[in-house]
Novice: 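Once you've had a glance at the structure underneath, I'll fire off some questions.
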Amino acid sequence: MNAVSPEIPVPSRPVLESRPSVAVWPWPIALGALTAFGLLSALLGQHGIWLALSWAALSIPLIVTVACLLRAWRRTSSVKGGQS
Amino acid sequence: MTTRTLRRWFVVHKWTSLVCTLFLLIVCVTGLPLLFSEQIWDTFVGDDDPPYEVLPPDTPNANLDVIVEKARALYPGQIVTNVDPDDDEPAVLVSMAPSWQALKDDDKYPDRNSSHWIKFDARTTKMLEQSRPETELKPPGTWTGLIMGICRRLHVSLFAYLPGRLFLGLMGGVFVASLVSGTVLYGRFMKRLPFGSVRRDRAARLTWLDLHNLLGAATLVWATVVGFTGLVNELQTPLFGLWRVTDVRQILKPYANLPVPSQDHLSSVQAAFDTAARAAPGNEVTGLSFPGASFGSPVHYVLWTRGATPLRARLFTPVLVDARTGELTGAYPMPWYLRFLEISRPLHFGDYGGMPLRILWALLDVVVIGVLVSGLVLWAGKRKMATDARLRALGYDLDDADDAAVPVLTAEAVR
């Protein structure tokens, strides 16, 4: 049962509430549009530049994901361990 | 959005996700080897075809009638059922059977297969290979074949044939519903959080939630497209069935009761290929089935043609050529729902943009597995708390910490 206790987000709530709201949709829309473009450009273009554009467009959501994860993990490890 | 509507969306997301998560995990994992099945076969099994003769590249293909005659001479008394030129090898596959009736009777015996094939070199008409006779022992299966077979059947039908396909199609629909509801919830959860933040300094649950949101947002469109096209693919049997009982039946009506003519008196196969190529300009002819085949007319060659450009390569147009006279009866483009099905296939398989696209497909698939797993972790975590609350209601003495945890997290869920 103790495993639950560190999960209580109570202390964080006031901080959360005081934060200004941010624009939620620009990033998901941009990544979604890139995905849609990537899926269609290879399908309709079929060769050459369109294929390359498709690969590039479809890798961006993956790159962004990895970048976000790296950022989060690097930040915490520097706070916790002070290795960097 | 009121708390009440939000709570409804949450319930929709929770239940649609719970219903389909297990099946989606199966489909995502088995889909990975299927993406690279060509490469896997080439690597672990190799091509056991005899090498083709090296001829000048502009050597014309031989007359198909010669090949059909050769096949008939090999099995006198049998019927030819199909003539299929290979897509990317200079070969022609001729399928034969003892009789149409024998093929029909195969349905009654699961282990019987009366049809067999002979492979010819399309240019020299030399026989290259034959299917294994049924009396011969089966060659030992390879591990690759076994594993790929299991993956394919799990992925397509959960080993349950048509009911399995329809069930997985339904799961595809539920998955799309879960993505839509998840998107609505995402909009609420991320109101005060910049995109892509993963809070690791707080509760583990928040890390999982942030991961779920980030991975889900990044792959949303891809998952929707692949999920929806998967659903469409699973509907192919009923969709083709619909076409057969509507348009096809209408077209074949005048011929339905005619007897199947003897194969000795049919018009030229090569001429039928040429006629079909003219009847469907811009298309290439990929195969022919003889009069009497289960999908077709008793007196027509059915020729399958498909678009020659990669985009239209999956759009098939059947052409009927009267096998008694060799005259064209007509070309019949597919109805919109089958065109839609054919277009949606590449978008599911990811096989239309070379190896880099397949690799991206695999990576996106792995990220979706991450979304599923993080969703499961979130659900399991909440269940644990709900169980604790019930236990407490029954009078069990739990840690104080849990008292605080329950109301806050339920509030979080609907916030």
Side-chain angles (χ1 to χ4, degrees), chain A residues 1-13 15-28 30-36 38-47 50-52 54-55 57-69 71-73 75-77 79-80, chain B residues 183 186-207 210-211 214-222 224-225 309-311 343 346-347 350 352-354 356-357 359-361 363-364 367 370 381 384-385 388 398-402 404-405 408-409 411-412:
Chain A
M1 297 304 142
N2 276 334
V4 181
S5 50
E7 295 185 7
I8 314 166
V10 174
S12 68
R13 278 191 82 194
V15 188
L16 266 180
E17 302 290 356
S18 64
R19 257 189 226 168
S21 64
V22 292
V24 177
W25 295 113
W27 272 98
L31 295 182
L34 278 168
T35 311
L39 290 174
L40 290 178
S41 78
L43 188 66
L44 303 175
Q46 293 288 345
H47 37 66
W50 292 109
L51 273 192
S54 158
W55 301 333
L58 282 175
S59 23
I60 289 173
L62 289 165
I63 293 167
V64 168
T65 309
V66 172
C68 288
L69 292 178
R71 195 184 58 182
W73 258 254
R75 190 180 288 161
T76 14
S77 63
V79 168
K80 274 184 186 164
Chain B
T183 311
Y186 177 89
R188 288 293 289 187
F189 275 112
M190 300 301 286
K191 270 211 163 142
R192 294 175 198 285
L193 214 54
F195 172 84
S197 41
V198 182
R199 293 163 287 180
R200 295 206 57 235
D201 44 350
R202 309 244 177 76
R205 197 185 149 71
L206 285 182
T207 313
D210 290 347
L211 267 180
L214 168 62
L215 303 183
T219 53
L220 179 65
V221 170
W222 184 81
T224 313
V225 168
T309 63
L311 174 64
I343 285 282
L347 283 173
Y352 59 98
L357 192 71
I359 292 171
L360 286 167
W361 227 253
L363 293 173
L364 288 161
V367 177
K384 181 169 156 26
M385 283 168 238
D388 290 350
L398 300 178
D399 283 355
D400 287 342
D402 295 331
V408 168
L409 280 161
E412 181 207 42

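Proteins come first, then strands; the chains are lettered A, B, ... in the order of their sequence lines, and each starts at number 1. Values below: every heavy atom of this structure, side chains too, minus hydrogens, waters and symmetry copies.
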Novice: Where do A/Thr65 and B/Ala218 come nearest, in terms of heavy atoms and distance?
Specialist: OG1-CB, 3.2 Å
Novice: Measuring from atom OH of B/Tyr352 to atom CG of A/Leu39, what distance do you get when rounded to the nearest 0.5 angstrom?
Specialist: 4.5 Å
Novice: Which residues satisfy the side chain to side chain contact (heavy atoms under 4.5 Å, CB included) test with B/Leu363, sequence neighbours excluded?
Specialist: A/Leu62, B/Ile359
Novice: Less than 4.5 Å apart, any side-chain heavy atom of B/Phe195 and any of A/Cys68?
Specialist: yes
Novice: Would a distance-only check, ignoring hydrogens and angles, find a side-chain to backbone donor-acceptor pair under 3.5 Å from A/Trp55 to B/Gly354?
Specialist: no
Novice: Quick one: list whatever passes side chain to side chain contact (heavy atoms under 4.5 Å, CB included) with A/Ser59, sequence neighbours left out.
Specialist: A/Ile63, B/Leu360
Novice: Pick one of side chain, backbone, both or neither for B/Thr224, based on which atoms fall under 4.5 Å of a heavy atom in chain A.
Specialist: neither
Novice: Report the distance from atom CG of A/Leu69 to atom CG of B/Leu215, rounding to the nearest 0.5 Å.
Specialist: 6.0 Å
Novice: Look at the aromatic rings of A/Trp25 and B/Tyr186 and report parallel, tilted or perpendicular, splitting at 30° and 60°.
Specialist: tilted
Novice: Starting at OG1 of B/Thr219, measure out to CG of A/Leu31 and round the result to the nearest 0.5 Å.
Specialist: 10.0 Å
Novice: Give, for atom CG of A/Leu51 and atom CG of B/Leu357, the distance between the pair rounded to the nearest 0.5 Å.
Specialist: 8.0 Å
Novice: Going by heavy atoms in the side chains, are A/Trp27 and B/Leu214 under 4.5 Å from each other?
Specialist: no
Novice: Please classify the contact between B/Pro346 and chain A as side chain, backbone, both or neither, with a heavy-atom cut-off of under 4.5 Å.
Specialist: side chain
Novice: Counting only heavy atoms closer than 4.5 Å, note whether B/Val367 contacts chain A via side chain, backbone, both or neither.
Specialist: side chain
